[in-house]
Amino acid sequence: MFDAIDVRVEGAIGRAVLTRPAKLNALSRAVLEELAAAAAWFDQHEDVKVVVIAGEGRAFSAGFDLDDPTWAELGPPKVSTVVGRAMADAVGGMRALTIASIRGHCIGGGVVLASACDLRVASETARFKIPEVNLGISLYWTGIPRLTREIGPALTKELVLTGRTFDADEAHRIRFVNRMVADADLEAATEELAAELAAKPAIVLRTTKRQVEDAAPSVPAGVDPVEDDAAGYRAATTDPEARALARTYLGARLKPPDVP
């Protein structure tokens with residue numbers, strides 16, 4: 001059922017691990033679709049109280065996989081309006097509490113995946129970046145409302161609009177990350193938190209999660225998020241200034257280093 005991620009249940013704790021370490025767990029179409037399917041699969045397991053989401057190897061996720069050829073089958077608007085949003089909504093709407101266990105790169109769509117989780121534990125090696133604006137598009141997949149809920153409007157604007165890198169210490173200080181630990185302690189710290197939560201009554205965990213979501217919803221009322229994303233994406237991909245910025249950014253990233 002799952003090829004791009006490793007999904008399993010041990011007692012009251014479920015795990016979904018991105019298994020593309022050679023690609024720094026970049027979010028291909030298959031990964032996004034399987035994360036959404038895994039969320040539904042976990043919901044079918046009544047005994048699962050907590051789900052840990054992590055990346056295999058040295059990165060949580062390098063974000064959207066620009067090299068995945070299957071995106072062409074969908075067309076650009078559906079990348080943001082269907083596949084990516086479906087992943088974030090499925091992970092964020094899971095009945096179980098979710099913990100993102102973050103090591104190394106957490107970029108773009110990886111930040112959205114982390115923000116869709118209820119709690120976040122980060123290694124001191126974690127590095128966060130939201131480069132979408134430098135690619136000539138906004139941040140979609142419910143990233144803006146989720147970040148605004150977690151860290152507030154001003155910081156969301158700064159981090160999204162500048163696209164600057166911020167480290168685990170800053171992520172902890174601005175309360176995006178709940179706990180920061182030494183790299184060698186990441187798995188143990190995540191497991192400790194998961195076990196602590198799994199020992200509590202399921203009904204209380206689920207009720208509290210719902211109460212928090214009701215108090216600070218991830219999607220504003222009165223907004224058609226799918227159409228809103230589609231319209232924004234179409235406008236950005238036809239805007240000359242946005243396209244020029246994207247070409248400059250990608251060109252800088254792809255330019256070979258100077259050889260002495």
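The figures here come from the full heavy-atom set of this structure, side chains too, leaving out hydrogens, waters and symmetry mates.
- Of all heavy-atom pairs spanning Gly163 and Asn134, the tightest one is CA-ND2, 4.4 Å.
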Quiz item: What do the steps show when you test Lys129 against His105 for side-chain contact (heavy atoms from CB on, under 4.5 Å), and what is the final call?
Solution: CA-CA 8 Å; Lys129 184 179 178 68; His105 294 294; over 6 Å; no
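- By the rule that hydrophobic residues join a cluster once side-chain heavy atoms approach within less than 4.5 Å of another member, Ile137 and Leu32 end up as members of one cluster.
- A donor-acceptor pair is defined here as one N or O able to donate and one able to accept, closer than 3.5 Å; such a pair exists between the side chain of Asp43 and the backbone of Arg95.
- Here the side chain of Arg120 pairs a donor or acceptor atom with the backbone of Phe176 at under 3.5 angstrom.
- Residues Val83 and Met87 form no side-chain contact, since every pair of their non-hydrogen atoms from C-beta on lies 4.5 Å or further apart.
- The nearest pair of heavy atoms linking Ala100 to Ala114 is CB-CA, 4.1 Å.
- The neighbour count for Glu241 CD, taken as heavy atoms of other residues, nucleotides or ligands under 6.0 Å away, does not exceed 12.
- Heavy atoms only, all atoms of each residue included: Ala198 and Val50 are closest at N-CG2, 3.8 Å.
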Exercise. Please report the C-alpha distance between Leu27 and Leu18 in whole Å, then the side-chain angles of each, then the deciding distance to 0.1 Å, and finally whether the side-chain contact (heavy atoms from CB on, under 4.5 Å) criterion is met.
Key: CA-CA 9 Å; Leu27 299 173; Leu18 282 62; 3.8 Å; yes
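- Judged purely by atom type and a 3.5 angstrom limit, Thr19 uses its side chain to pair as donor or acceptor with the backbone of Ala4.
- Checking side-chain atoms of Asp65 against main-chain N and O of Arg29 turns up no donor-acceptor pair under 3.5 Å.
- For Asp118 (side chain) and Thr98 (main-chain N/O), a donor-acceptor pair under 3.5 Å exists by modelled atom type.
- Looking only at distances, no side-chain donor or acceptor of Glu132 sits under 3.5 Å from a matching main-chain atom of Val160.
- Met94 and Val7 fall within the same hydrophobic cluster, where Ile, Leu, Val, Met, Phe, Trp and Tyr residues are linked whenever their side-chain heavy atoms come under 4.5 Å apart, directly or through other members.
- Glu56 and Val17 make their closest contact through N-CG1, 3.7 Å (heavy atoms, listed as atom of the first residue, atom of the second, distance).
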Exercise. In sequence, state the C-alpha distance, the side-chain angles, and the governing distance for Val112 and Phe64, and then conclude on side-chain contact (heavy atoms from CB on, under 4.5 Å).
Key: CA-CA 10 Å; Val112 177; Phe64 179 63; over 6 Å; no
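- In summary, Glu150 and Arg146 do not engage in a salt bridge, as defined by a charged side-chain N under 4.0 Å from a carboxylate O.
- Proximity of Asp47 to Val9: side-chain heavy atoms (C-beta onward) are nowhere separated by under 4.5 Å.
- Applying side-chain contact (heavy atoms from CB on, under 4.5 Å) to Arg127 and the options Thr165, Ile102, Ile107 leaves one that passes, Thr165.
- A donor-acceptor pair is defined here as one N or O able to donate and one able to accept, closer than 3.5 Å; such a pair exists between the side chain of Lys49 and the backbone of Lys200.
- Taking every heavy atom of both residues into account, Ala168 and Ser123 meet most closely at CB-O, 3.3 Å.
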Practice problem: Apply side-chain contact (heavy atoms from CB on, under 4.5 Å) to Leu159 and Phe128, showing your working. | Solution: CA-CA 10 Å; Leu159 295 176; Phe128 304 84; over 6 Å; no
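- Note: Lys209 NZ to Thr207 OG1 = 12.0 Å, rounded to the nearest 0.5 Å.
- Within the model, atoms CD1 of Ile151 and CD of Glu170 stand 9.0 Å from one another, a figure rounded to the nearest 0.5 Å.
- Within 6.0 Å of CZ on Arg206 lie more than 12 heavy atoms contributed by other residues, nucleotides or ligands.
- To the nearest 0.5 angstrom, Thr190 atom OG1 is 7.0 Å from Ile99 atom CD1.
- In this structure, the separation between CD1 on Ile130 and CG on Leu161 is 10.0 Å, given to the nearest 0.5 Å.
- Rounding to the nearest 0.5 angstrom, the gap separating the CE atom in Met1 from the CD atom in Glu34 is 8.5 Å.
- The pair Arg179-Glu192 does not meet the salt-bridge criterion, since no charged nitrogen lies less than 4.0 angstrom from a carboxylate oxygen.
- Expressed to the nearest 0.5 Å, how far CZ of Arg247 lies from CG of Leu135 amounts to 12.5 Å.
- A salt bridge is absent between Arg15 and Asp6; no separation between the charged side-chain nitrogens and carboxylate oxygens falls under 4.0 Å.
- Under the 3.5 Å distance criterion, the side-chain polar atoms of Thr148 are left unmatched by any main-chain donor or acceptor of Pro153.
- Linking Ile, Leu, Val, Met, Phe, Trp and Tyr whenever their side-chain heavy atoms come within less than 4.5 Å puts Ile53 and Val48 in one cluster.
- The cluster map of Ile, Leu, Val, Met, Phe, Trp and Tyr, joined by side-chain heavy atoms under 4.5 Å apart, puts Val181 and Phe60 in different clusters.
- Residues Leu119 and Leu197 form a side-chain contact, since some pair of their non-hydrogen atoms from C-beta on lies under 4.5 Å apart.
- Within a 6.0 Å radius of CZ in Arg58, no more than 12 heavy atoms belonging to other residues, nucleotides or ligands are found.
- Between Val52 and Ala194, the shortest heavy-atom contact is CG2-CB, 4.1 Å.
- Under the 4.5 Å side-chain heavy-atom criterion for ILVMFWY residues, no single connected hydrophobic cluster contains both Val212 and Val51.
- Proximity of a side-chain donor or acceptor of Arg149 to a complementary backbone N or O of Ala216 within less than 3.5 Å is detected.
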